[in-house]
K.L.:
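If you scroll down you'll find the structure; I have some questions about it.
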Amino acid sequence: MSTGLRIFRVDGRQTRLGRILLAGEVVDAEPAPSHELRTLPGWVVSHVTRGSGTYLQGDGRQQVIEPGMVTVVAPGVPHLYGTAPRSRWTELFTVVTGPLTDTLAAAGVLAGNGPCLPRAPLPAPALRAVIAAGQPTATDAEHQLLALADLLVDITAADAPDPCDPIKKACALLTEDLQAPVNLREVAAAVELPYDTFRRRFVAEVGQAPLAYRNQRRLQDAAGLLRMTTMTVRQIARLYGFHDEFHFSRRFRAHFGAPPSAYRRDSR
């Protein structure tokens, strides 16, 4: 993927659920320079996966932005965020408005202003796939908004993994990047448990082996993209690291009892 700024969408389709006003990404580059506080007409959602920076709000509050953090800013709040001069980061961002974001805000899913570490990791590949998806019809645009809401609900869930518990921390590590390969011994080391102890405790507390848990989550997230985006089966298979769409389809059918195409058709 080339470095720099890429805009996916400006002034997306107006729908019953709202509208994506802006969506894009910064890849290993300095964000577009801005030296003045700005206000935007929609909710800002920014996810930084690499690099660090600073968030500044109109009331003088200042916070550090670190990798993995999600920055949320309400409409009309004066703010500014970015890297230090000549520094780089990688960021996905979108600005959304409408009844759906109003409902998420009222429910506490979109809350506060500024950066925070989500209670559960936000899967950057899935977020990118959602905000970059096309909008051929208003229905497609509504599914896109629902998919974004689904991701935001997941990272603010009340039962999100507790980073102080080794097995719950392991759950977060296993689902942090569902596209990349995972080394279970490295996960065990990260939660400071011997490998055999880690596997025994994981099965006892979660009810399945670590790799089975991760594969189940991959399929569940893939099912969400089938329901809520127009991505092809091949694109989703690649996104979640399956060898090919046929391997993905076999695994999907074994888990859900229907192939991806039938699942998509029946869920709409």
Side-chain angles (χ1 to χ4, degrees), residues 47 49 67-70 92 109 117-131 133 143-144 146-191 193 195 198-229 231-260 262-264 267:
H47 179 42
T49 57
M69 285 187 165
V70 176
L92 290 160
V109 174
L117 195 64
R119 297 190 65 184
L122 177 57
L127 176 61
R128 186 183 190 279
V130 167
I131 66 174
H143 281 295
Q144 185 180 29
L146 289 168
L148 177 61
D150 192 46
L151 290 172
L152 295 173
V153 167
D154 279 350
I155 67 171
T156 58
D159 58 352
D162 178 358
C164 297
D165 182 296
I167 299 305
K168 292 181 178 179
K169 181 180 178 182
C171 289
L173 292 172
L174 286 166
T175 57
E176 188 172 19
D177 186 347
L178 292 168
Q179 184 179 18
V182 66
N183 185 312
L184 294 181
R185 292 188 179 275
E186 291 180 358
V187 174
V191 300
L193 289 176
Y195 179 67
F198 160 67
R199 285 185 58 85
R200 285 196 301 270
R201 282 191 57 180
F202 196 98
V203 172
E205 295 184 28
V206 179
Q208 56 188 160
L211 195 56
Y213 171 83
R214 174 181 165 83
N215 286 335
Q216 176 178 293
R217 179 59 185 271
R218 289 163 77 202
L219 291 169
Q220 289 173 338
D221 282 17
L225 293 185
L226 284 168
R227 291 194 309 271
M228 299 177 180
T229 75
M231 293 177 65
T232 66
V233 172
R234 176 177 294 182
Q235 289 172 328
I236 294 173
R238 288 178 177 174
L239 179 63
Y240 286 104
F242 289 92
H243 297 306
D244 53 50
E245 61 187 298
F246 304 106
H247 176 225
F248 166 64
S249 294
R250 287 195 300 271
R251 296 291 295 273
F252 192 94
R253 182 168 190 164
H255 185 75
F256 288 100
Y263 180 89
R264 165 174 275 167
S267 63

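Basis for what follows: all heavy atoms, side chains included, without hydrogens, waters or symmetry-related copies.
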K.L.:
Please find the pair of heavy atoms, one from Pro260 and one from Phe252, that lie closest to each other, and give the distance.
P.N.:
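For Pro260 versus Phe252, the nearest heavy atoms are N-CD2, 3.8 Å.
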
K.L.:
Rounded to the nearest 0.5 Å, how far does CG of Asp221 lie from OG1 of Thr175?
P.N.:
8.0 Å

K.L.:
Could you give the distance from CD (Glu186) to OH (Tyr195), rounded to the nearest 0.5 Å?
P.N.:
11.5 Å

K.L.:
Check for me whether Arg218 meets the cation-pi criterion with Tyr213, that is, NZ or CZ under 6.0 Å from the six-membered ring centre and within 45 degrees of the ring axis.
P.N.:
no

K.L.:
Taking Arg264 for the side chain and Leu226 for the main chain, is one N or O donor matched with an acceptor at less than 3.5 Å?
P.N.:
yes

K.L.:
As an exercise, state the distance from CZ of Arg251 to NE2 of His243, rounded to the nearest 0.5 Å.
P.N.:
8.5 Å

K.L.:
Considering all heavy atoms of both residues, which atom of Ala129 and which atom of Leu239 are nearest to each other, and what is their separation?
P.N.:
CB-CD2, 3.8 Å

K.L.:
Hey, which of Val206, Leu184, Leu211 is the one that makes side chain to side chain contact (heavy atoms under 4.5 Å, CB included) with Leu174?
P.N.:
Leu184

K.L.:
Can you confirm whether Cys171 sits close enough to Arg214 that some side-chain heavy atom of one is under 4.5 Å from a side-chain heavy atom of the other?
P.N.:
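Cys171 vs Arg214: side chains apart.
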
K.L.:
Test side chain to side chain contact (heavy atoms under 4.5 Å, CB included) on Val130 and Met231 and set out the steps.
P.N.:
CA-CA 9 Å; Val130 167; Met231 293 177 65; over 6 Å; no

K.L.:
Can you check side chain to side chain contact (heavy atoms under 4.5 Å, CB included) on Ile167 and Leu193, steps first, answer last?
P.N.:
CA-CA 9 Å; Ile167 299 305; Leu193 289 176; 4.2 Å; yes

K.L.:
Give me the atom names and distance for the closest heavy-atom approach of Val191 to Pro166.
P.N.:
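What the structure gives for the nearest pair is CG1-O, 3.3 Å.
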
K.L.:
Can you tell whether the side chains of Asp165 and Lys169 come within less than 4.0 Å, N to carboxylate O?
P.N.:
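Judged by the 4.0 Å cut-off on N to carboxylate O distance, Asp165 and Lys169 do not form a salt bridge.
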
K.L.:
With a cut-off of 6.0 Å (strictly less than), are more than 12 heavy atoms of other residues, nucleotides or ligands near CZ of Phe246?
P.N.:
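Atom CZ in Phe246 is not packed in, count stays at 12 or less.
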
K.L.:
CG of Leu151 to CG of Leu127: how many Å apart, nearest 0.5 Å?
P.N.:
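Taking CG in Leu151 and CG in Leu127, the distance rounds to 6.0 Å.
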
K.L.:
If every non-hydrogen atom of Val182 is compared with every non-hydrogen atom of Val187, which pair is closest and at what distance?
P.N.:
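For Val182 and Val187, the tightest heavy-atom pair comes out as CG2-CG2, 3.9 Å.
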
K.L.:
Val233 versus Ser249: any side-chain heavy-atom pair under 4.5 Å?
P.N.:
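With C-beta onward as the side chain, the pair touches.
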
K.L.:
Shortest non-hydrogen contact from Gly68 to His47?
P.N.:
O-CE1, 3.6 Å

K.L.:
Return the minimal non-hydrogen interatomic distance between Ala133 and Gln144, and the atom names on each side.
P.N.:
O-NE2, 3.2 Å

K.L.:
To the nearest 0.5 Å, tell me how far Ile236 CD1 sits from Leu225 CG.
P.N.:
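Interatomic distance, Ile236 CD1 to Leu225 CG, rounded to 0.5 Å: 5.0 Å.
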
K.L.:
Is the ring pair Phe248/Phe242 parallel, tilted or perpendicular, if the boundaries are 30 and 60 degrees?
P.N.:
tilted

K.L.:
Are the side chain of Gln208 and the backbone of Val203 linked by a donor-acceptor contact shorter than 3.5 Å?
P.N.:
no

K.L.:
Measuring from atom CZ of Arg128 to atom OG1 of Thr49, what distance do you get when rounded to the nearest 0.5 angstrom?
P.N.:
11.0 Å

K.L.:
So, does Gln235 use its side chain to make a donor-acceptor pair with the main chain of Thr232 at under 3.5 Å?
P.N.:
yes

K.L.:
Let me see the working for Leu152 and Leu148 under side chain to side chain contact (heavy atoms under 4.5 Å, CB included), right down to the final yes or no.
P.N.:
CA-CA 6 Å; Leu152 295 173; Leu148 177 61; 4.2 Å; yes

K.L.:
Taking His255 for the side chain and Leu219 for the main chain, is one N or O donor matched with an acceptor at less than 3.5 Å?
P.N.:
no

